[in-house]
Amino acid sequence: MSTASPVPVDPEVTHDTGDPVGEVLVDWYAGAARDLPWREPGTDAWAVLVSEVMLQQTPVARVEPVWRAWLARWPAPADLAAATPAEVIRAWGKLGYPRRALRLREAAVAVTERHGGVVPAEVDELEALPGIGTYTARAVACFGYGRRQPVVDTNVRRVVARLVHGRAEAAPARTSDLVDIAALAPADDARAVRFSVAVMELGALVCVAGNPRCGACPVRDRCRWRLAGYPAHDGPPRRVQRFAGTDRQVRGRLLDVLRAAHEPVQPDALVAAWDDALQRSRCLDSLLVDGLVVQTDDGRFSLPD
DNA sequence: AATGCGTGGAC
DNA sequence: TGTCCAAGCAT
């Protein structure tokens, strides 16, 4: 799992001007940013929160249409709070990790009950919401409310690992990540907010995991990884999670059947989803525990209404 | 703290 | 084809 060789540096692209890294990245972002719907002016904190939850471990292209439909249907937290779990699980579609859909609904309930239907702007209040952790809380405060906040996701950790620490890959998330990135942020608050999204964008478009495009990087001339000659990752290789044949696949298949059915289904109807009875049963149990599935009095299964 | 949790595009 | 990867969180 070695990192592919970076693209050779294009000598025509910008040189180190001596400007602080944070300022350079904000200026780069102005010309390089993708035109994503949740970045449009006027996007409120609820819409930002929904986008951030959907984007957890999920590619942008898959999120866009679901995000639009979701906000058209539930434009405010109170709207989603009034929906049933079955409705949100179906609306989640095939984004993956459907427990996120349940937690997003639970977060909407909490916002409605505890915060008068207004998404809180404080990081500690955001972190107290279901499904909202270290990253998402800061992303909502920063991108939804314009607060200066260190925002660290997998892209940012990879950029800091290379640019600052000279390592090929990011270490697991640490609280020191927040300090590292805060040290690079511009002094001006509005630019600090754009800096947070700019670093993520650099990691998503240029300083990518597999085949970094260093020739297009605005800060390559001060990248410690590049200056050190692109040393290979020296830690233990990261294991990619298997999918085929796992409970995750089986759960997905079972939920697929139940999303399509608009009446509770007999246990027999789930055999088509997965033929191994033991694994099917185990996965059904875990879906029941998670609240993604319920069983009727007569033994049939459905999404939770 | 290591693990489980979906899905599908790219190469 | 199989492998890698994509804006994490909860336990």
Side-chain angles (χ1 to χ4, degrees), chain A residues 1-4 33-34 36-39 47-67 89 92-104 106-107 126-144 149-159 169-175 177 181 196-205 207-212 233 236-259 273-274 279 282-283 285-287 289-293:
Chain A
M1 61 158 289
S2 61
T3 301
R34 289 168 293 177
L36 302 178
W38 43 84
R39 291 178 177 169
V48 170
L49 189 158
V50 172
S51 77
E52 292 297 343
V53 171
M54 289 182 172
L55 286 163
Q56 292 168 2
Q57 303 286 283
T58 308
V60 164
R62 209 176 304 164
V63 167
E64 277 206 42
V66 182
W67 181 82
I89 293 166
W92 195 254
K94 305 205 75 174
L95 277 184
Y97 295 139
R99 294 186 297 192
R100 290 183 292 169
L102 290 183
R103 289 178 181 145
L104 187 50
E106 292 163 10
L126 287 161
E127 280 188 319
L129 299 173
I132 308 297
T134 305
Y135 163 75
T136 306
R138 284 162 183 78
V140 171
C142 190
F143 309 141
Q149 283 291 334
V151 178
V152 177
D153 72 337
T154 186
N155 289 308
V156 175
R157 287 204 310 281
R158 185 173 57 252
V159 169
E169 294 183 21
R174 299 177 157 284
T175 53
D177 295 334
I181 201 66
S196 289
V197 69
V199 179
M200 291 174 58
E201 195 76 340
L202 188 75
L205 299 180
C207 195
V208 295
N211 191 8
H233 177 63
R238 273 189 28 155
R239 290 292 169 87
V240 176
Q241 292 188 345
R242 294 279 181 274
F243 180 65
T246 64
D247 287 2
R248 288 196 350 268
Q249 182 180 27
V250 178
R251 285 166 53 105
R253 292 268 194 92
L254 292 170
L255 218 47
D256 233 3
V257 173
L258 296 177
R259 266 196 302 262
W274 200 257
Q279 189 175 21
R282 179 173 71 240
C283 290
D285 281 346
S286 75
L287 289 168
V289 169
D290 286 346
L292 285 164
V293 173

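Labels below follow one simple rule: chain letters A, B, ... track the order of the sequence lines, proteins then strands, and each chain is numbered from 1.
Counting any heavy atom pair closer than 4.0 Å across all strands shown, W38(A) reaches a base atom. Among the atoms of the strands shown, none is found under 4.0 Å from any heavy atom of S51(A). As judged by a 4.0 angstrom heavy-atom cut-off over every strand, R34(A) is placed among the base-contacting residues.
When all heavy atoms of V197(A) and R39(A) are compared, the pair lying nearest together is CG2-NH2, 3.7 Å. What you find for W67(A) and P37(A) is that their closest heavy atoms are CZ3-CB, 3.5 Å.
Computed from coordinates, the N211(A) CG to dG9(B) C1' distance equals 16 Å when rounded to whole Å. Nucleotide dG8(C) holds its P atom 15 Å from the CE atom of M54(A), rounded to whole Å. Distance L205(A) CG to dC5(C) P: 17 Å, rounded to the nearest Å.
Here, dT1(C) and dG8(B) have their C1' atoms 15 Å apart, quoted to the whole Å. A gap of 14 Å separates the C1' atoms of dA1(B) and dC9(C), to the nearest Å.
Heavy atoms of other residues, nucleotides or ligands lying less than 6.0 angstrom from CZ of R282(A) number more than 12. With a 6.0 Å radius and a threshold of 12 heavy atoms from other residues, nucleotides or ligands, R34(A) has its CZ atom above the threshold.
Between Y135(A) and E52(A), the side chains place a donor N or O and an acceptor N or O closer than 3.5 Å (distance only, hydrogens not considered). Between T58(A) and R100(A), the side chains place a donor N or O and an acceptor N or O closer than 3.5 Å (distance only, hydrogens not considered). For the residue pair S196(A) / Q149(A), no side-chain donor-acceptor distance below 3.5 Å is found, with atom types taken as modelled.
Comparing G203(A) and R242(A) by the nucleotide of DNA chain C whose heavy atom lies nearest to each, the residue mapping closer to the 5' end is R242(A).
Residues from residues 128-139 of chain A with heavy atoms under 4.0 angstrom of DNA chain B: there are none.
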Write out a two-atom table: protein N or O, nucleotide N or O from nucleotides 4-6 of chain B, distance below 3.5 Å.
residue	atom	partner	partner atom	Å
dG4(B)	N7	Q241(A)	NE2	3.3
dC5(B)	O4'	R99(A)	NH2	3.1
dC5(B)	N4	Q241(A)	OE1	3.3
dC5(B)	N4	Q241(A)	NE2	3.0
dG6(B)	OP1	P98(A)	N	3.4
dG6(B)	OP2	R251(A)	NE	2.3
dG6(B)	OP2	R251(A)	NH2	3.2
dG6(B)	O4'	Y97(A)	N	2.9
dG6(B)	N7	Y97(A)	OH	3.2
dG6(B)	N7	R248(A)	NH2	3.2
dG6(B)	O6	Y97(A)	OH	3.1
dG6(B)	N1	Q57(A)	O	3.1
dG6(B)	N2	Q57(A)	O	3.3
dG6(B)	N2	T58(A)	OG1	3.2
dG6(B)	N2	L95(A)	O	2.9

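Only one option out of V159(A), D153(A), N155(A), T154(A) pairs with R157(A) in a side-chain contact (heavy atoms from CB on, under 4.5 Å); it is T154(A).
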